[in-house]
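This report refers to the structure that appears directly beneath it.
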Amino acid sequence: MPKINLGIIGGGQLGSMLSIAAKKLDIKTIVYCDDNNAPAQNFCDEFIFGRYDDKEKILEFVNKVNVITYEFENIPYETLNEINKNKPVLPKPSINRLIQHRIAEKDFINKLNIRTTQYTLVEKKSDLDSLSDLLPGILKTTTMGYDGKGQFPVKEIKDIEKMNIDFSNGYILEKLVKLKKEISVIITRFSNNNYEIYEPIENIHEDQILKYSKIPADVSKNIFNQSKEWAVSIAEELKYIGTLCVEFFIDRNENLYVNEIAPRVHNSGHLTINAYNISQFENHIRAVCSLEKIPIKKISNAKMVNLIGNQIKPYRQDMKLKDNEFFYDYQKKEIKDKRKMGHITTLIP
Ligand code: ADP
Ligand code: MG
């Protein structure tokens with residue numbers, strides 16, 4: 001079989017791990033990224049630096065590959081759609097466009113009769129006058145948010161007035177869920193009703209950034225099954241190809257809500273590298289490159305800790321790891337506050 005050249009848009013830690021998984025499958029990776037220091041250049045076969053609207057550079061990239069995927073959702077729809085006219089982009093650009101926008105995403109989920117938090121679009125200050133039933137809430141940009149960026153907690157309307165926000169950029173106000181727990185479910189879909197799904201992962205965020213993940217999640221049988229069923233419905237409805245993650249909230253009354261969908265591999269799934277025979281990354285590559293689907297098998301329970309900012313430092317200086325500990329350094333050039341620098345997965349009985 002001729003060798004597959006896989007194009008990956010985005011060169012962060014997820015692009016790096018996709019590249020590593022592809023190598024194992026003897027697939028060549030070409031990463032395209034708008035950051036000249038992107039860490040994935042340390043792991044891929046070829047790296048192209050260019051803006052996401054640089055048509056010439058993108059064409060150069062597209063000419064080198066057979067199929068294209070992406071590691072994050074904030075890529076302009078126009079770019080993905082143009083590329084898709086030439087070579088297949090998976091998951092489909094229309095899926096990315098839907099999920100990029102928090103309102104479109106939540107409208108879609110509700111149409112499937114799946115619960116989300118209550119929400120509304122805020123386009124101008126006066127929209128806020130009638131929204132007291134959504135308080136306390138969180139005001140979020142409708143697009144481009146990640147790791148809690150572009151989010152503002154709101155107790156009272158006057159909190160927003162103080163913030164001096166330009167509402168023409170598009171905001172969503174979400175009612176705050178009284179969280180008991182957060183979980184995520186990762187699924188890789190290959191074709192109609194043909195998928196592999198990982199068990200729910202329990203997640204703890206600090207400052208709206210994922211800090212800890214573990215399996216098994218400490219949840220009821222009901223939540224365990226319901227979250228997986230909802231993830232399957234979402235993936236099937238989207239006719240999704242590749243790995244997708246659904247983030248959930250569980251409130252203090254044991255109600256399950258979908259928080260958001262990530263149309264990509266996900267940070268909470270890092271532990272699948274060590275805890276399963278096939279990781280979320282390898283499964284994504286298998287699905288988008290039309291390779292064989294292999295049934296997943298759990299090898300071990302596991303927990304993962306994200307190393308944020310300076311927390312990476314002691315591990316870089318020859319920290320002794322136990323046999324059941326696996327350290328990943330994303331090799332980002334600069335340590336920054338709130339930046340995910342690496343992680344440690346520990347296999348547990
Ligand atoms: P991002 O796109 O940055 O991941 P999320 O919407 O997932 O944004 O928010 C990040 C985290 O902030 C969530 O995982 C959760 O811990 C908290 N959060 C966000 N929205 C709500 C909400 N409506 N109610 C309670 N907690 C929330
Ligand atoms: Mg999130």
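Numbering of ligands and ligand atoms starts at 1, following listing order.
- L238 and V258 fall within a single hydrophobic cluster, where Ile, Leu, Val, Met, Phe, Trp and Tyr are joined by side-chain heavy atoms under 4.5 Å apart, directly or via other members.
- In this structure, the ring of Y198 has its center less than 6.0 angstrom from the ring center of Y276.
- Between H270 and Y330, the ring planes lie perpendicular to each other; the angle is over 60°, past the 30° to 60° tilted range.
- Below 4.0 Å from some heavy atom of E247 lie the following atoms of ligand 1, by number and element: 7 (O).
- Remark: ligand 1 atoms within the under-4.0 Å shell around heavy atoms of Q208 are 10 (C), 11 (C), 12 (O).
- Residue Y77 places its OH atom among more than 12 non-hydrogen atoms of other residues, nucleotides or ligands, all under 6.0 Å distant.
- Under 4.0 Å from ligand 1, not a single heavy atom of Q118 appears.
- Near D147, meaning under 4.0 Å from any of its heavy atoms, are these atoms of ligand 1: 1 (P), 3 (O).
- A salt bridge links E46 to K28: one of the charged nitrogens lies within less than 4.0 Å of a carboxylate oxygen.
- A salt bridge links D218 with K181: at least one charged nitrogen is closer than 4.0 Å to a carboxylate oxygen.
- Nearest-residue assignment for atom 3 (O) of ligand 1 (options G148, G137, S184; heavy-atom criterion): G148.
- E236 has no carboxylate O lying under 4.0 Å from a charged side-chain N of K239, or vice versa, which leaves the two without a salt bridge.
- Looking from atom 20 (N) of ligand 1 to the surrounding protein, the closest heavy atom is K140 NZ, 2.9 Å.
- The residues D147 and K338 are annotated as not salt-bridged, no charged nitrogen and carboxylate oxygen being separated by less than 4.0 angstrom.
- Of all protein heavy atoms, the one lying nearest to atom 22 (C) of ligand 1 is F249 CE1, 3.7 Å.
- Summarising the contacts of atom 18 (N) of ligand 1 with L179, N74, T116, I138, the nearest heavy atom is found in I138.
- Here the side chain of Y240 pairs a donor or acceptor atom with the backbone of T243 at under 3.5 angstrom.
- Contact atoms of ligand 1 toward Y146: 2 (O), 3 (O) (distance under 4.0 Å to a heavy atom of the residue).
- The single protein non-hydrogen atom nearest to atom 9 (O) of ligand 1 is Q151 NE2, 3.3 Å, given as residue, atom name and distance.
- Nearest N/O/S atom of E260 relative to the Mg ion (ligand 2): this is OE2.
- Each of the atoms 22 (C), 24 (N), 25 (C) of ligand 1 lies under 4.0 Å from some heavy atom of V177.
- Using a 4.0 Å cut-off between heavy atoms, L176 contacts ligand 1 through both its backbone and its side chain.
- A salt bridge is absent between R339 and E334: the closest approach of a Lys/Arg side-chain nitrogen to an acidic carboxylate oxygen does not fall below 4.0 angstrom.
- The same ILVMFWY cluster, assembled from side-chain heavy atoms under 4.5 Å apart, contains both V246 and V232.
- For atom 4 (O) of ligand 1, the nearest non-hydrogen atom of the protein is E260 OE2, 2.9 Å.
- Close approach of ligand 1 to E182 is summarised as follows: ligand atoms under 4.0 Å from at least one heavy atom of the residue are 13 (C), 14 (O), 15 (C), 16 (O).
- As for E247, its N/O/S atom nearest the Mg ion (ligand 2) is the one called OE1.
- A donor-acceptor pair is defined here as one N or O able to donate and one able to accept, closer than 3.5 Å; no such pair exists between the side chain of R102 and the backbone of Y171.
- The N/O atoms of H205, backbone and side chain alike, include one that comes under 3.5 Å of an N/O atom in ligand 1.
- Taking a cut-off of under 4.0 Å to the non-hydrogen atoms of R102, the atoms of ligand 1 that pass are 1 (P), 2 (O), 6 (O), 8 (O).
- Shown in contact with K175 at under 4.0 Å from a heavy atom are these atoms of ligand 1, numbered in order with element: 22 (C), 23 (N).
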